[in-house]
Amino acid sequence: MVGLALASVSMPALASSHREAPGITGMPKVDNTDVYVFRSYEPGRDGTTTLIANFQPAQTPGDGPNYFTMDPDALYEIHVDNTGDAVDDMTFQFRFTNTIVGGVGKTVPVGGVDQPIPLRHVGPIARPGDANQGELETYTVGMVMGGRGPGSTLLRNADGSGTTFNKPIDNIGNKTTADYPGYANQFIYNVSIPGCASQGRVFVGQREEAFAVNTGPIFDLVDLVPIEGDSAPGAGDGRGFPGGITQSDKNQQLIGQKNVTSLALEIPTACLTGTGNGVIGVWSSASLPLGKITGARAGRNPAARFDGEYKQVSRLGSPLVNEVVIGLPQKDAFNASKPAQDAVFATYVTNPAMPAILNTLFLAPVNAGLHAKFTDLAPSNFPRRDLVAAYLTGFPGLNQLKTVTPSEMLRLNTSVPVTSRDRQSSFGVAGDDMAGYPNGRRPGDDVVDITLRVAMGRLCHPVPLKGKMTDLGLCKPADAPTGMVAYTDGAPSSARTLLNSFPYLNPPLRGAPRPQNKP
């Protein structure tokens, strides 16, 4: 059975995708950075599931004057597979419109002339459609059953006002929006969902990055010792690996420094699971009209919108697949592919490069620090059946779909009970918290540390499952000599630092005044 699965296998995840492929670096508005899917843990909302897709990486607070509107030509999608054939059974399609009010925006009198100003607003902004805004951004959300097609039905505002929703202006600063969290909360809409007896919610807007990662040193040939330097994360006792990195917010590359744009949905869980077994697979994508990609609009009205056939340019399910797993020659191809086509990337998971890179860089330092004689730090069980189970097929009894089709997506068992925010383990399933990554992904899950350890063979050793140390039978401890080592990038993650309510990610960092006064 495993041998048959490996014949059509895909690739694992190792963090989150930001500027992950050559082609997407020139298209930040459609760069898909993170996907989250989890049973909603806001008190009283555990009958719903939250899906979040983030776009436009590394938004610097105060980076005006245009800030970070979405591309009105693009098609942004969140896909749900509830049967296991690696094809979406339900798709939510986001389309955006940017409107310059009155065709001129805000104006000021200059020598008897009403002159359009070069800014998006003049005066404070306190509510949706505020009169002080000269440019408004709105969106619709279409729902397609059975994949992309013309038959989408729009989600409707539950107050009866229609199918168009407002997106808040980004957090320009306190003088523009004195109470940004209160302002942004006005853009959380209750929605009626076609074919669903209960209402859901939607929010689209700027949020603070929640992805904990220490990317600068990592991409500088891992210019840190990626092993916990304390006896436990945050212990501050220096009793871990000699010279190993310790947990500190000083190691954050994104949290507390950058913003992102979130497309967030809260959907009644019963409306997502269909006729499957309660497990759903989720990924998101962004597509552009072929005319925009090829430059066919040259010489036409630059304000005219494209139409016609779309081409997918960004895709993301499990975190950081394309960034550190897919080989450089095929990164753009992965962004244009669909989960059902993942067999062409098979060797990137069965023979992953990242463990070999870590072995090359750290074999000698680890042997010196531990007074050991390892001949190789990386696992030797090829093909990597442990990675197949973790990232491509799910675990039997935990998050396998009804039909098992190896493919790259986040898999969530919606029947697993919610773990409240204050009880969540940032290590997810590896921390004996069955409601966390890789069973879906929550904003507070430390996916970098989890996947570093999985890549280096943690699943070859017994793991805590439901309070009991369990041998998964995927490989042997001897296959992974450093599988129990506490690999880490030193950037901590915790749900306790995030919101306990939809849309869960914190309000965005403001442009002024700086620095931020973080709680």
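Heads up: numbering here begins at 1 and tracks the sequence. Here the structure is a predicted model, which is why all the values come from computation and not from measurement. In what follows, every heavy atom counts, from backbone to side chain, and hydrogens, waters and symmetry copies are set aside.
For D81, there are no salt bridge (charged side-chain N to carboxylate O under 4.0 Å, His left out) partners two or more places apart in sequence or in a different chain. Looking at residues two or more places apart in sequence or on another chain, you find a side chain to side chain donor-acceptor pair (under 3.5 Å) between N157 and D159, S161. Applying the salt bridge (charged side-chain N to carboxylate O under 4.0 Å, His left out) rule to E137 yields the partners K167; only residues at least two apart in sequence or on another chain are considered. When the salt bridge (charged side-chain N to carboxylate O under 4.0 Å, His left out) test is applied to D130, the partners found at least two apart in sequence or on another chain are R127.
Although no hydrogens or angles enter the test, the distance criterion places no donor-acceptor pair under 3.5 Å between the side chain of Q247 and the main chain of D489. The backbone N or O of G490 sits nowhere less than 3.5 Å from a side-chain atom of N214 that would complete a donor-acceptor pair. One N or O on the side chain of K106 and one on the backbone of A131 form a donor-acceptor pair closer than 3.5 Å. Within the 3.5 Å criterion, the main-chain N or O of D46 finds a donor-acceptor partner in the side chain of R39. Side chain of T177 to main chain of N174: no donor-acceptor pair is present (N/O by atom type, distance under 3.5 Å, no hydrogens or angles). In terms of modelled atom types and a separation under 3.5 Å, the side chain of Y189 and the main chain of N166 share a donor-acceptor contact.
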Using atom types as modelled, flag every donor-acceptor pair under 3.5 Å from a side chain in residues 59-67 to any protein atom, sequence neighbours excluded.
residue: Q59; atom: OE1; partner: Q206; partner atom: NE2; Å: 2.9
residue: Q59; atom: NE2; partner: Q56; partner atom: O; Å: 3.1
residue: Q59; atom: NE2; partner: T261; partner atom: OG1; Å: 2.9
residue: T60; atom: OG1; partner: K258; partner atom: NZ; Å: 2.8

List, one per line, each side-chain donor-acceptor pair under 3.5 Å for residues 109-126, sequence neighbours excluded.
residue: R120; atom: NE; partner: E135; partner atom: OE1; Å: 2.8
residue: H121; atom: NE2; partner: T176; partner atom: OG1; Å: 3.0

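Side chains of T138 and T97: a donor-acceptor N/O pair is absent below 3.5 angstrom, by distance only. Between the side chains of S40 and T48, at least one donor-acceptor pair of N or O atoms lies under 3.5 Å. At a cut-off of 3.5 Å, with distance as the only test, a side-chain donor of N413 or S415 sits close to an acceptor on the other residue. Under the 3.5 Å distance criterion, with hydrogens and angles disregarded, no donor-acceptor pair is assigned to the side chains of K402 and T275.
Residues D34 and R441 are paired through a salt bridge, judged by an N-O separation under 4.0 Å between the basic side chain and the carboxylate.
In this structure, S493 and D445 have side chains that are not in contact, with every pair of non-hydrogen atoms separated by 4.5 Å or more. For the pair I267 and T49, the minimum side-chain heavy-atom distance is 4.5 Å or more.
Two rings, from F55 and Y76, have their centers less than 6.0 Å apart. Proximity of the aromatic rings of Y504 and F38 is defined here by a centroid distance below 6.0 angstrom, and this criterion is met.
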Exercise. May I have the step-by-step check of side-chain hydrogen bond (donor to acceptor under 3.5 Å, both in side chains) for D85 and T405, ending in yes or no?
Key: CA-CA 6 Å; D85 59 359; T405 305; over 6 Å; no

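Just one residue in the list T414, D89, D88, N277 forms a side chain to side chain contact (heavy atoms under 4.5 Å, CB included) with N82, and that residue is D89.
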